[in-house]
There are 2 protein chains.
Amino acid sequence: MRVASAVDLGGVVRARRKRLGWTQQELADRAGTSRQWMVALEGGKGRAELGLVLKALNALGLTVDLTAQDAPAPRPSGGSVDLDALLAAYRRDR
Amino acid sequence: MRVASAVDLGGVVRARRKRLGWTQQELADRAGTSRQWMVALEGGKGRAELGLVLKALNALGLTVDLTAQDAPAPRPSGGSVDLDALLAAYRRDR
DNA sequence: TCACGATGTCTTCGTACGACGACATTTGGT
DNA sequence: ACCAAATGTCGTCGTACGAAGACATCGTGA
């Protein structure tokens with residue numbers, strides 16, 4: 001499963017957790033985080049801590065792999081509007 | 001490349017950046033972060049924001065894939081010492 | 001050797017994190 | 001329909017984040 005955003009990741013986590021038949025509390029205990037944090041992660045929280053995320057994925061038995069593309073992403077255009085940033089600000093995270 | 005920890009990720013980022021011949025400043029600009037943040041990430045910062053990490057990986061042309069293992073990680077034992085946590089506390093992050 | 005760019009480190013500042021407890025709402029089983 | 005568990009949300013609190021600027025050090029080429 002390819003992951004490009006925090007929302008993607010949240011979906012994967014939730015799907016995997018349900019497949020294992022775990023509650024959010026159970027996963028939180030195994031990952032060493034709070035239940036509320038799990039709620040936020042599954043909801044696609046973009047500002048979650050990397051370390052906690054890796055712990056959660058490990059607890060779920062999910063392996064993270066990085067593969068290099070031939071060409072990296074293009075430089076962000078300085079002249080036009082950054083829709084990504086605008087959306088992010090509008091949504092106030094989550 | 002498999003990634004299990006923040007330190008792993010930092011190494012991958014640094015290697016990929018150098019392979020592309022970019023400076024930390026250049027990568028930071030492309031990812032929309034500060035140069036100091038890139039320094040910390042490459043150093044294995046575990047408390048970095050997930051969203052910024054994904055942006056950096058995307059800027060580098062690195063794709064993130066999650067694959068499910070047959071069995072998830074075992075529950076953390078309540079009786080013994082959590083060496084992971086002890087090490088983390090000792091190292092005071094970074 | 002000198003100069004300059006790249007990298008690492010420190011401080012300040014505003015902001016949001018994550019844990020926790022409490023409460024509201026939803027879901028699933030009988 | 002009922003009840004209990006699971007999930008979502010809200011506040012508070014201590015802590016650390018990430019941006020920015022300044023400075024020290026390192027590496028490399030002239």
Side-chain angles (χ1 to χ4, degrees), chain A residues 5-7 9-60 75-76 78 82 84-94, chain B residues 5-7 9-60 75-76 78 82 84-94:
Chain A
S5 72
V7 175
L9 212 170
V12 174
V13 167
R14 161 152 293 180
R16 174 69 171 165
R17 175 177 64 80
K18 293 206 163 181
R19 167 164 281 275
L20 292 172
W22 293 353
T23 72
Q24 291 178 338
Q25 183 69 66
E26 170 124 24
L27 174 53
D29 288 345
R30 290 170 181 262
T33 73
S34 67
R35 185 179 64 84
Q36 291 93 328
W37 184 86
M38 278 304 319
V39 174
L41 181 68
E42 291 189 354
K45 184 178 186 75
R47 307 194 59 165
E49 282 185 14
L50 173 62
L52 296 184
V53 174
L54 291 176
K55 276 190 177 183
L57 295 179
N58 181 58
L60 285 167
R75 225 184 208 295
D82 185 350
D84 233 25
L86 283 183
L87 258 184
Y90 173 68
R91 287 176 177 151
R92 293 274 176 168
D93 203 33
R94 183 161 325 182
Chain B
S5 71
V7 174
L9 214 171
V12 173
V13 167
R14 163 152 292 180
R16 174 70 171 166
R17 176 178 64 81
K18 291 206 163 181
R19 166 163 282 274
L20 291 172
W22 293 352
T23 72
Q24 291 177 337
Q25 182 69 64
E26 171 123 24
L27 174 53
D29 289 345
R30 290 171 181 259
T33 73
S34 66
R35 185 179 63 82
Q36 292 92 328
W37 184 87
M38 278 305 318
V39 174
L41 181 69
E42 291 189 354
K45 184 180 186 73
R47 305 194 59 165
E49 282 184 14
L50 173 61
L52 296 184
V53 173
L54 291 176
K55 277 192 177 181
L57 295 180
N58 180 59
L60 284 167
R75 224 186 208 296
D82 185 350
D84 234 24
L86 282 182
L87 257 184
Y90 173 67
R91 287 175 178 150
R92 294 274 176 169
D93 205 32
R94 185 159 326 180

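Chain letters run A, B, ... following the sequence lines, proteins first and then strands; every chain starts at 1.
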Measure from CE on A:Met38 to C1' on D:dG8 and round the result to the nearest Å. 13 Å
Nearest heavy-atom neighbours spanning A:Leu52 and A:Trp37: CB-CZ2, 3.4 Å
Can you see which heavy atom on A:Lys45 is nearest to which on B:Leu50, and at what distance? O-CD2, 3.8 Å
Within this structure, what is the CG-to-P distance between A:Leu41 and C:dG18, rounded to whole angstrom? 9 Å
In short, A:Ala48 meets A:Leu41 closest at the heavy-atom pair CB-CD1, 4.4 Å
How many Å lie between CD on B:Gln25 and C1' on C:dT7, as a whole number? 11 Å
Heavy-atom closest pair, residues B:Gln24 and B:Met38: O-CG, 4.0 Å
Using only atom types and a distance under 3.5 Å, with no angle test, would you say the side chain of A:Arg16 pairs donor to acceptor with the backbone of A:Leu60? yes
Test your reading of the model: is there a side-chain donor-acceptor pair from A:Arg17 to the backbone of A:Trp22, 3.5 Å cut-off? yes
Rounded to the nearest Å, what distance is computed from the NZ atom of residue B:Lys18 to the P atom of nucleotide C:dA6? 12 Å
What's the shortest heavy-atom distance between A:Gly46 and A:Ala6, and which atoms? CA-CB, 3.6 Å
Does B:Gln25 offer a backbone N or O that forms a donor-acceptor pair with the side chain of B:Arg35 under 3.5 Å? no
Rounded to whole angstrom units, what separation is found between the CG atom of A:Leu50 and the P atom of D:dA16? 17 Å
Which residue lies more 5' along DNA chain C, comparing B:Val39 with B:Glu49 via nearest heavy atoms: B:Val39
Between C1' on C:dG5 and CH2 on B:Trp22, what's the gap in Å once rounded to a whole number? 19 Å
At under 4.0 Å, does any side-chain N or O of A:Lys45 touch on OP1 or OP2 of C:dC17? yes
Between B:Ala56 and B:Leu27, the two heavy atoms sitting closest are O-CD1, 4.3 Å
Which angle, to the nearest 10 degrees, lies between the helix axes at the two ends of the helix from C:dT1-D:dA30 to C:dT30-D:dA1, each defined by five pairs? 60°
What one-letter contact string describes nucleotides 19-24 of chain D from 5' to 3', where B marks a base within less than 4.0 Å of any protein heavy atom, S marks contact via sugar-phosphate atoms alone, and - marks no contact? SBBB--
Of the nucleotides D:dT7, C:dT7, C:dA16, which has the atom closest to the B:Arg14 side chain? C:dT7
Taking 4.0 Å as the cut-off, does a side-chain nitrogen or oxygen of A:Arg17 come that near to OP1 or OP2 on D:dT7? yes
